[in-house]
Amino acid sequence: MAALSEVTKILEVEEKDIEIISTRPPKPIEIVEYRPEWPAKFAEVEGRIRQALGDRAIVVEHVGSTSVPGLAAKDVIDIDLVVADPADEASYVPDLQAAGFQFILREPVWYQHRFFHLDEPYTNLHVFGSDSPELVRHRLFRDWLREHEDDRDRYTQVKREAAQVTSAAGERVQAYNNRKEPVLREILRRVFEAHGLSSSSI
């Protein structure tokens, strides 16, 4: 479990620290209304992961915007997968690849993060160890948006605006993420303060 001080400190990543393994075709940045089938799509991918890894898949959790009922989102299932040691790639990467997941990148300095893609259902799979503070932030943010309609609406608004500007400029998804980041951090500050955590570092 991550220390509370680490949960409230956002670790920035430099491009030089990202190791690209492969690439995928860019997906148009389009925000759609919440779709009731998203939980079933997550369950389908979860089953594929658990069949591939068995008890090596310590946690498989639906996170991101498609995990929040009522929240408009890109039609992308985001999943956090917890394994014993993300750096021990031989213990899980070949089996995920055999199950159809494409190994996209590794970020050893950012919580030993590994990132995979599945084409159908379109999925972003994030691999972390159990002590990663990013796991906690994902859960806190998801659960807060599930319970707070005002912030859910605010986040929807900034996502639509960011998607429109990014698409019009012909930019990629990282530009979209950068545009919505200030509002995301604003909401995270409220989340941390509601849980009695210092948020001075975000």
With sequence neighbours left out, what residues match Arg172 under salt bridge (charged side-chain N to carboxylate O under 4.0 Å, His left out)?
none
Run the salt-bridge test on Arg189 and Glu193 with the 4.0 Å N-O cut-off and return the result as yes or no.
no
What residues, two or more places apart in sequence or in another chain, satisfy ring pair (Phe, Tyr, Trp, His ring centres under 6.0 Å) together with Phe116?
Phe103
In terms of heavy-atom contacts, Pro182 and Arg179 come closest through CD-O, 3.6 Å
Is the number of heavy atoms from other residues, nucleotides or ligands under 6.0 Å of Glu19 CD greater than 12?
yes
Nearest non-hydrogen partners of Ala57 and Ile49, listed with the distance
CB-CG2, 4.3 Å
Does any donor atom in the side chain of Lys180 or Tyr155 lie under 3.5 Å from an acceptor atom in the other side chain?
yes
Is Gln102 reaching over with its side chain to a backbone N or O of Thr23, donor-acceptor style, under 3.5 angstrom?
yes
What closest approach, in Å, do Ala87 and Gln112 show between heavy atoms, and which atom pair accounts for it?
CB-OE1, 3.7 Å
Using a 3.5 Å distance criterion without hydrogens, assess whether the side chain of Ser132 forms a donor-acceptor pair with backbone atoms of Glu134.
yes
Is Arg154 reaching over with its side chain to a backbone N or O of Val183, donor-acceptor style, under 3.5 angstrom?
no
Just so I know, are the side chains of Val83 and Arg114 near enough to count as touching, which here means a heavy-atom distance under 4.5 Å?
no
Using a 3.5 Å distance criterion without hydrogens, assess whether the side chain of Arg24 forms a donor-acceptor pair with backbone atoms of His117.
no
I need the Glu107 CD to Ile20 CD1 distance, nearest 0.5 Å.
8.0 Å
About how many Å separate CG of Asp151 and CZ of Arg146, when rounded to the nearest 0.5 Å?
15.5 Å
Can you check whether Val68's main-chain N or O pairs, donor with acceptor, with Arg142's side chain at less than 3.5 Å?
no
